[in-house]
Structures are given as structure tokens and as C-alpha cells.
Amino acid sequence: MIDIKLLRTDPDLVRENIKKKFQDEKLPLVDEVIALDKEYREAVTRCDYLRNQRNVISKRIGMLMGEGKRDEAEATKKEVTAMADEMAALDQRKVELQGEIRKRMLVIPQIIDPSVPIGKDDSENVEIERFGEPLVPDYPIPYHTDIMKKFNGIELDAARDKISGNGFYYLCGDIARLHSAVLSYARDFMIDRGYTYYIPPFMIHSSVVNGVMSFSEMENMMYKIEGEDLYLIGTSEHSMIGKFIDSFLEEDSLPQRLTSYSPCFRKEVGAHGIEERGVYRIHQFEKQEMIIVCKPEDSPRMFDELWKNTVDFFRSLEIPVRTLECCSGDLADLKVKSLDVEAWSPRQQKYFEVGSCSNLGDAQARRLGIRIKSKDKQKGNYFAHTLNNTVVAPPRMLIAFLENHLQADGSVTVPEPLRPYMGGKDHLE
RNA sequence: GGAGAAAUACCCAAGUGGCUAUAAGGGGCUCCCCUGCUAAGGGAGUAGACUGGGAUAACCGGUGCGUGGGUUCAAAUCCCACUUUCUCCGCCA
């Protein structure tokens, strides 16, 4: 959601932004919002006036009653009755208008950062950095589930056919242990960098869902609990950003660097579906996440910090990665700027997404009411900026891990930082 | 899950239809005075937020007693629903 005051003062900026995102179909919304807002403010002004009159007259009735002048009081009552209908009508209209305005505001995209490359879709994302050699070994790299099966590490059939359906899995043995090890290592990796560790709620109210994501994301991602106002989180970002709902933060308490663990549940309705076999795209996975809440002027710097954390994490596990900057057309509506971190797949001989780093600007803060108390009275309170990034999300990450560490003899090496979490083992066989 | 009690400002708390929410009283905090040293006394200040008009001013309005409705000219106060907390009972890792 963008600032309604921005629409009042500079609708052209908003229009330009919509065009950059190739969402011309949303252009009419701008004029609609401006017109609705005008009508809304007129209604408010009139309504406030009437209410003021009523308050004054009611007080007078009270005084007359107190003085025992009943007849005069009864006569005065009639003055108010005349206003009641108009006020009721205006009140109703105000609610309608607010709803109409909000409906439109929610789908008008956030103003993107000037540094974001302009492009239609993900094919026009721009590679900005690479680390590690994207090597292709001279021995074959099997499909990741086949590597897992060789270690008796995955049971897909039972999960799919009898228990939960396609998109679910059992991990077991060393592969399950590896999964936990990666998450534990990721947790400690972030704690060592000064992030506070959280285990958040795994279900959240709809009010939080609406605050942290756009409507289309919600439709395609979120599982709803039947009969309750609760949704399973798609990422701990949802409950972690939601934590700040309706709050005022002290300037001195910022930036807040948090890292959280949670299972993540996603319907995966839409473009990709879950047609890929294996554990690349699934309904349930686990993730170590990082989020930052900061002052607006700090968010570009924080964005770089977040991104580097993930890159460093993968480098420490000796997995080659590259970073792609999302172009305007591929940027979700709430995002100001976003990067995808991709890991190398020796089997497919291409990179695939393992993490996504986003600066949401004040979009989530506006929806959720996350404000910063200004020490400068003149300046007034202002909205915070929110950012999030994946540290690591297995089991998808295990695909990269297994493919890159698989040896010619079929064993898998365990990089040094992970060994303490794997009972000291330096390889799996 | 059942029964009872409660929700007012930074904290405690008074207020049971209007004439002090312009929120009593206490505590805390900030400043000042007196005093002169692990103290005591006196005085002043202490809603914030959202929002409309106005010029991003001065200023003038609207909303606010857990949340949402209702009754009324007028609701902290009366009615309904919900939420949360506390006590007791039941159940459970």
C-alpha cells in the first residue's frame, strides 16, 4: 500500500511506477482512488461538523435538564433529531468509501527503488555477483531424490499416497539429520552475527496476513484453518514482521536484527505448481529466516547486510552461488527491491533459487502500523522499513548440498562447519 | 471445556446516563524552590494516537474508558456479542 498523501500530491509518480512494473491495467485505479478520497474527505468534513453541533446541543440539553427546564430541553432535542438521518447516511457512506479506497490501495504497487532494472518478467533479472566455481564433475550426478534414497534418507511414496498427498515427504536417517544440522548451523551462524533468535507462532490471524503480503500472494500461498481466523505461515517472516503490528519503536532500539526458525506451509497454487518431482517445490519445508526493522534511511545498508549473510553462509558450506537482481516486472507488489540468491546445480548445470532478499520499504509498516517514535517533535512519528531474507530453507537447499558434495565413490563430504552438528562426521556413505 | 471476577492514562485507582475525561486520589517520571548530603518538605508539568479543514503555519474541528455492535438528544456508566487477564474446577505434552 502506498501513501494516500502521495496520491494527493504526486499521482504521476505512482503512475510511472505502475508502468515500470508493466501493470498498465492498474492505471485507472489511481484516478479512482483520488476521486473516492475527495468524496471521503468531504463526507468527513460534513460529518464532523454535524457531530460537533450535536455535541454542543446535547450538552445544552443536559444543562437545561439540570436547571429543571424540561420543556426547553424537549424543544432542543428536536434540533438534533433533524441531523440524525444525515449523519447516519454519511457514516455509512464513509465506511463504504474507506473500503473502496483500501481495496484499490492494497493492489497499487509499492514505489520501487530507482536502482531496480526495468524488465518484463524473471527472464530479465540481472546477475550481479558470483562466488565459487560452477564445476561439473566427470562422474554422473543423480537426481537429488536418488541420492537421498541411496542413503535411505527419503520416503516419498507413503507421504504422497497415504498420508498427506503430493508435495509432502518423510526425511529420515542421515539425510534428516543433515537437514536439522543445516538449520542448527544456520541458527548459530546468524546468532554469531548479532541476530536475536526467535521461534515464532506458526499460525497467524488474517489481519497479520493482510499486512505482510499482497492479496494475490495470500490466495496462492496460505492454508487457512477451518472455522478459525488462523492461517498457517508460509514463512516466519509473516509472524516476525507481524510481531510489530500497531507498535511504536524507539529510535534507539533500531535497527532490530532478528533471525527466526519455522516450518513453512505453502499451497503453491499458480505459475509453477508442484509439478517437479522430489523436494524442490513442496507444501511443507523448514526455514531459518532473518528480518530487520529499521529507520528508512538505513534500509539500503541493511539490505546489503542481509544479502551478504546468505552468500557468506553458502560459501562457508562450499556451495557455489550467484545473485540475481529482480527486475521491475518480477518484483512483488510490496517490494522496493529484491535479490534472489541461487545455488549451483552440477546435475542441471544451472543455478536455482535458494533464497530471496527483500526490502519492503514502508509497505508492510503502513499496513501493520509499525511506526517509529521521533525524538524530533517537529518531524513527528514515521513508518519503519522492513526487510527479510532467507538464511537457508531445506530440504530444497539439500539438493544443492548433495549435488555439490557428492563424490565419485558415491559418498557425500560434510564441510567442516557442519561437522559438529553431524556428530563429527566428515562424510556420509 | 465449566463457574465466578475483572479490563479507565506510564503504574495503581475513583467515577453507575448530562452540569470536571477539561479523568478525582495515589505512585512514578521531568523541571523549579527550600534544605545541605544514602533524607525530608513545597510548587509546576505529565495523554498518546489516528483523522478533517487550513499553507507541511497559527488556529478550529472529529474519534478514544479491552474490541465490535445496540438503546438515547446524550453512554466509561444501560443492553448484546466477542477478546484477554485473574481465581477455582476439569483435561492435557
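So you know, we letter chains A, B, ... as the sequences are listed, proteins then strands, and number each from 1.
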Inter-nucleotide [atom1] distance ([N], [M]), Å rounded:
N: B:C65; M: B:C11; atom1: P; answer: 16 Å
N: B:C80; M: B:A24; atom1: P; answer: 31 Å
N: B:G26; M: B:G4; atom1: C1'; answer: 29 Å
N: B:G17; M: B:C78; atom1: C1'; answer: 8 Å
N: B:G15; M: B:G66; atom1: P; answer: 15 Å
N: B:A6; M: B:A13; atom1: P; answer: 12 Å
N: B:A21; M: B:G64; atom1: P; answer: 14 Å
N: B:A39; M: B:G28; atom1: P; answer: 13 Å

For A:Tyr223 and A:Phe265, run ring-ring contact (aromatic ring centres under 6.0 Å, His included): C-alpha distance rounded to whole Å, both residues' side-chain angles, the deciding distance at 0.1 Å, then the answer.
CA-CA 7 Å; A:Tyr223 285 107; A:Phe265 303 94; 7.1 Å; no
Does [N] have a Watson-Crick or wobble mate here (both distances under 3.5 Å), and if so which one?
N: B:U38; result: none
N: B:A7; result: B:U83
N: B:U56; result: none
N: B:C88; result: B:G2
N: B:G25; result: B:C12

Would you please classify the geometry between the A:Tyr421 ring and the A:Tyr185 ring as parallel, tilted or perpendicular, with 30° and 60° separating the classes?
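Geometry flag for A:Tyr421 against A:Tyr185: tilted rings.
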In terms of relative ring orientation, are A:His283 and A:Phe168 parallel, tilted or perpendicular, with 30° and 60° separating the classes?
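Correct class here is tilted.
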Quick one: [X] [atom1] to [N] [atom2], roughly how many Å, whole number?
X: A:Arg8; N: B:A55; atom1: CZ; atom2: P; value: 14 Å
X: A:Phe383; N: B:A49; atom1: CZ; atom2: C1'; value: 11 Å
X: A:Glu86; N: B:C73; atom1: CD; atom2: C1'; value: 17 Å
X: A:Asp3; N: B:U51; atom1: CG; atom2: C1'; value: 14 Å

For a quick check of understanding: with a heavy-atom distance under 4.0 Å over all strands, which category does A:Arg60 fall into, base, sugar-phosphate or nothing?
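The residue A:Arg60 makes no contact with any strand.
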For A:Ile57, which contact category applies under a 4.0 Å heavy-atom criterion: base, sugar-phosphate, or nothing?
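Contact class for A:Ile57: none.
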Flag this pair as yes if the NZ/CZ of A:Arg277 is under 6.0 angstrom from the six-membered ring centre of A:Tyr143 and inside a 45 degree cone about the axis; otherwise no.
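Verdict for A:Tyr143: a cation-pi partner in A:Arg277.
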Do A:Lys224 and A:Tyr231 meet the cation-pi criteria used here (NZ or CZ under 6.0 Å from the six-membered ring centre, within 45° of the axis)?
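Flagged: A:Lys224 positioned over aromatic ring of A:Tyr231.
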Scan nucleotides 56-72 of chain B nucleotide by nucleotide, 5' to 3', and note B when protein non-hydrogen atoms come under 4.0 Å of the base, S if they reach only the sugar-phosphate, - if neither.
-----BSS---------
Does this structure show an ion pair linking A:Glu305 with A:Arg301, if we count only N-O contacts that are shorter than 4.0 Å?
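Here A:Glu305 does not pair with A:Arg301 in a salt bridge, since their nearest N and O are not under 4.0 Å apart.
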Ionic contact status for A:Arg193 with A:Asp312, cut-off 4.0 Å
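Here A:Asp312 pairs with A:Arg193 in a salt bridge, since their nearest N and O are under 4.0 Å apart.
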Specify the glycosidic conformation (syn or anti) of B:G48, with syn defined as within 90° of 0.
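It is anti.
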Select one nucleotide: of B:G53, B:C19, B:C50, the one nearest the side-chain heavy atoms of A:Met63.
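The answer is B:C19, which lies nearest to the side chain.
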Stepwise side chain to side chain donor-acceptor pair (under 3.5 Å) check, A:Ser328 with A:Lys20
CA-CA 6 Å; A:Ser328 56; A:Lys20 279 188 195 171; over 6 Å; no
Please tabulate, one pair per line, each protein N/O and nucleotide N/O from nucleotides 77-82 of chain B that are separated by under 3.5 Å, including the distance.
none

With side chain to side chain donor-acceptor pair (under 3.5 Å) as the test, would you mind laying out the steps for A:Gln288 and A:Thr259 before giving the verdict?
CA-CA 7 Å; A:Gln288 189 70 27; A:Thr259 184; 2.9 Å; yes
How long is the gap from CD on A:Glu251 to SG on A:Cys294, to the nearest 0.5 Å?
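Between A:Glu251 CD and A:Cys294 SG, I get 12.5 Å after rounding to 0.5 Å.
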Of the options A:Leu317, A:Leu398, A:Val182, which is the one that meets A:Val392 in a side chain to side chain contact (heavy atoms under 4.5 Å, CB included)?
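Of the listed residues A:Leu317, A:Leu398, A:Val182, the side chain to side chain contact (heavy atoms under 4.5 Å, CB included) partner of A:Val392 is A:Val182.
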Relative to the 5' end of RNA chain B, which residue comes earlier, A:Phe248 or A:Glu42, by the nucleotide with the nearest heavy atom?
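By nearest-heavy-atom nucleotide position, the 5'-most residue is A:Phe248.
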